[in-house]
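What follows is one structure encoded as structure tokens, with my remarks underneath.
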Amino acid sequence: MRVHADMARCTGLGLCESIAPEFFEIQDDGTLAVLRSDVEEADRAVLTEAIRACPTEALRIEG
């Protein structure tokens with residue numbers, strides 16, 4: 001599984017970073033950096049929470 005971020009939708013609010021900082025980081029310029037794209041089953045719960053918190057629906061798990 002992989003986490004995917006749609007950069008065209010992301011507004012850089014940072015909710016994903018606050019929930020899953022090992023996966024997401026808002027850069028100084030306000031853009032999102034995906035720090036880890038590979039998702040293990042153990043990470044699924046925290047990533048699902050981060051995805052649900054995204055107000056622009058810019059995040060998803062693929063695969």
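All values reported here derive from a predicted model rather than from experimental measurement. All values below come from the heavy atoms of this structure, side chains included, with hydrogens, waters and symmetry mates left out.
- Around atom CZ of Arg52, no more than 12 heavy atoms belonging to other residues, nucleotides or ligands sit under 6.0 Å away.
- Arg2 approaches Ser37 most closely through the heavy-atom pair NH2-OG, 2.8 Å.
- In this structure a side-chain-to-backbone donor-acceptor pair under 3.5 Å is missing from Thr31 to Gln27.
- Through direct or relayed side-chain contacts under 4.5 Å between Ile, Leu, Val, Met, Phe, Trp and Tyr, Leu13 connects to Leu15.
- Distance check, rounded to the nearest 0.5 Å: NE2 of His4 to CD1 of Ile61 gives 12.5 Å.
- Across every non-hydrogen atom of Val46 and Ala20, the tightest pair is CG2-CB, 4.2 Å.
- For the pair Leu47 and Phe24, the tightest heavy-atom approach, listed with the atom from each and the gap, is CD2-CE1, 3.6 Å.
- With rounding to the nearest 0.5 Å, the separation of CG in Leu32 from SG in Cys16 is 5.0 Å.
- Val34 approaches Met7 most closely through the heavy-atom pair CG2-CE, 4.4 Å.
- Under the salt bridge (charged side-chain N to carboxylate O under 4.0 Å, His left out) criterion, the residue pairs touching residues 54-63 are Arg60-Glu62, with sequence neighbours excluded.
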Determine, stepwise, if the pair Asp43 / Val3 fulfils side-chain contact (heavy atoms from CB on, under 4.5 Å). CA-CA 11 Å; Asp43 301 317; Val3 64; over 6 Å; no
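- A pairwise comparison of heavy atoms in Leu59 and Ala50 identifies CD1-O, 4.1 Å as the closest pair.
- The list of salt bridge (charged side-chain N to carboxylate O under 4.0 Å, His left out) pairs with a residue in residues 13-26, not counting sequence neighbours, is empty.
- For the residue pair Cys10 and Ala58, the shortest heavy atom distance occurs at N-CB, 3.8 Å.
- Annotation: Asp29, atom CG; neighbour count of heavy atoms from other residues, nucleotides and ligands within 6.0 Å is above 12.
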